[in-house]
Amino acid sequence: MKFKKIAAVVGALALAGSLAACGGSDSGSDAGGDKIKIGIKYDQPGLGFKKADGTYAGFDVDMAKYIAKGLGYDEDQIQWEEAVSANRETFLKDGSVDMILATYSITDERKAEVDFAGPYYVAGQDLLIRADDSSIKGPEDMKGKKICSVTGSTSAQTVKDKYGAVPQEFDSYSKCITALQGGQIDALTTDDIILAGYAEEFPDEFKIVGQPFTEENYGVGLPKGSKDRDKINDLIEKSFEDGAWEKAFNDNLGKSGYELPAPPKVDRY
């Protein structure tokens, strides 16, 4: 991983001493430095969300903290960065972040550009519609409908190619929610676990159709060639065994009615 460079003016011995005093140096991670920069979504309630007080909460956030801790970084050493769907590969390539946990589906196309640890969760693409809408009961009802998703995600292309929907893309899910509330679109499509967070936040306005039509494997996005991938895979498997993974889900989405599936098998490709 590429980390923020410590000032070059610091001599080699002084640099060694400085690193020895910080959490990152003891982690054995290829991250280095005294901070770890982690990309998350800021607008996904229950998954990755920036609260009004400036703190962060969600399943992805808690999993990120767990992995960072395993790499030798305390919470106060995490520098959170907003990673929207359209900039995730770019952020990993240019060193803006060291890893990304942002409902980031592992695909062959993305694996050509970045690496992944995991998956740590398997979701399925579904639809969020207005609570009083009875016209959409499944993906077969999407033909000609205006369906919103975020730029750079795989969701919009799927509903266009397979079901004839008319994609409306925005750079954030919160803008899709606003458009759905205002009647400019007919549905928001993305993974069911993401929709569960919005259904929990707006229980009188929205409902999930409940007919998932894809399988999305969420992974930890890493720069290509990251030496930490095996270590993070170990931490993900450890979280399944020690209860941290289940706790992260229950603490953030346990009241949504969306049930926790079985933990996935980590793919050590």
Side-chain angles (χ1 to χ4, degrees), residues 1-10 15 18-19 22-25 27-44 47-50 54 56 58 60-61 63-65 67-73 75-120 149-157 169-175 190 194 216-233 235-236 267 269:
M1 295 178 183
K2 183 179 178 182
F3 253 47
K4 185 178 181 180
K5 302 292 186 185
I6 296 177
V9 295
V10 179
L15 176 60
S18 173
L19 290 173
C22 73
S25 64
S27 68
S29 165
D30 61 356
D34 60 354
K35 291 283 187 181
I36 184 169
K37 293 183 290 186
I38 302 178
I40 57 170
K41 296 283 181 66
Y42 282 6
D43 67 339
Q44 290 182 341
L47 290 158
F49 190 74
K50 185 175 183 178
Y56 305 90
D60 280 347
V61 172
M63 286 298 297
K65 289 177 182 176
I67 291 169
K69 184 70 174 178
L71 294 175
Y73 296 90
E75 287 187 28
D76 61 2
Q77 292 177 290
I78 299 174
Q79 180 178 324
W80 301 104
E81 301 286 347
E82 184 175 21
V84 300
S85 294
N87 68 20
R88 291 177 294 198
E89 287 84 26
T90 301
F91 271 18
L92 289 170
K93 289 178 179 177
D94 69 12
S96 296
V97 297
D98 301 297
M99 66 174 70
I100 290 177
L101 287 90
T103 56
Y104 199 5
S105 296
I106 301 171
T107 68
D108 289 340
E109 291 77 13
R110 289 170 178 162
K111 284 164 69 175
E113 299 187 64
V114 301
D115 276 339
F116 286 96
Y120 62 92
S149 196
V150 295
T151 306
S153 75
T154 57
S155 303
Q157 197 65 39
E169 295 185 67
F170 292 93
D171 62 8
S172 69
Y173 290 110
S174 57
K175 291 181 181 177
T190 186
I194 300 173
E216 306 294 335
N217 293 282
Y218 289 171
V220 179
L222 299 167
K224 199 69 176 173
S226 170
K227 292 186 295 185
D228 278 343
R229 187 152 63 96
D230 286 342
K231 190 180 300 180
I232 294 172
N233 279 329
L235 289 166
I236 290 170
D267 179 15
Y269 66 90

Q.
Quick check for you: to the nearest 0.5 Å, what is the distance between Tyr56 atom OH and Lys50 atom NZ?
A. 4.0 Å
Q.
As an exercise, state the distance from CD1 of Ile194 to OG of Ser155, rounded to the nearest 0.5 Å.
A. 7.0 Å
Q. Is Glu82 paired with Lys41 through a side-chain N to carboxylate O contact shorter than 4.0 Å?
A. no
Q.
Could you walk me through whether Asp115 and Lys111 satisfy the salt bridge (charged side-chain N to carboxylate O under 4.0 Å, His left out) test, starting with their C-alpha distance in whole Å, then the side-chain angles of each, then the deciding distance to 0.1 Å, before giving a yes or no?
A. CA-CA 6 Å; Asp115 276 339; Lys111 284 164 69 175; over 6 Å; no
**Q.** Donor-acceptor contact below 3.5 Å, side chain Arg110 vs main chain Ser105
**A.** yes
Q: For residues Trp80 and Ile40, determine if any side-chain heavy atom of one lies less than 4.5 Å from a side-chain heavy atom of the other.
A: yes
Q | Gap separating the NZ atom of Lys69 from the CD1 atom of Ile78, nearest 0.5 angstrom | A | 9.5 Å
Q: For Asp267, check salt bridge (Lys or Arg N to Asp or Glu O under 4.0 Å) against everything at least two apart and list the hits.
A: none
Q: Look only at the side chain of Arg88 and the backbone of Gly39, and say whether a donor-acceptor pair between them is shorter than 3.5 Å.
A: no
Q. Any side-chain heavy atom of Ile38 sitting closer than 4.5 Å to one from Asp98?
A. no
Q.
Can you tell whether the side chains of Lys37 and Glu81 come within less than 4.0 Å, N to carboxylate O?
A. no
Q.
Quick check: Tyr269 with Phe116 (ring centres under 6.0 Å apart)?
A. no
Q: Could I get the full list of side chain to side chain donor-acceptor pair (under 3.5 Å) partners for Glu113, not counting sequence neighbours?
A: Lys93
(Q) Which heavy atom of Leu235 sits nearest to which heavy atom of Ile67, and what is that distance? (A) CD1-O, 3.6 Å
Q. Below 4.5 Å, heavy atoms only, C-beta onward: do Val150 and Thr190 meet side chain to side chain?
A. no
Q: Determine yes or no for a side-chain-to-main-chain donor-acceptor pair under 3.5 angstrom, with Asn217 supplying the side chain and Pro119 the backbone.
A: no
**Q.** Close side-chain approach of Leu222 and Ile232, heavy atoms under 4.5 Å
**A.** yes
**Q.** Pair Met99-Ile36, side-chain contact (heavy atoms from CB on, under 4.5 Å): steps then yes or no
**A.** CA-CA 8 Å; Met99 66 174 70; Ile36 184 169; 3.7 Å; yes
Q: Side-chain contact test, heavy atoms from C-beta onward, threshold under 4.5 Å: evaluate it for Ile106 versus Tyr218 and give yes or no.
A: no
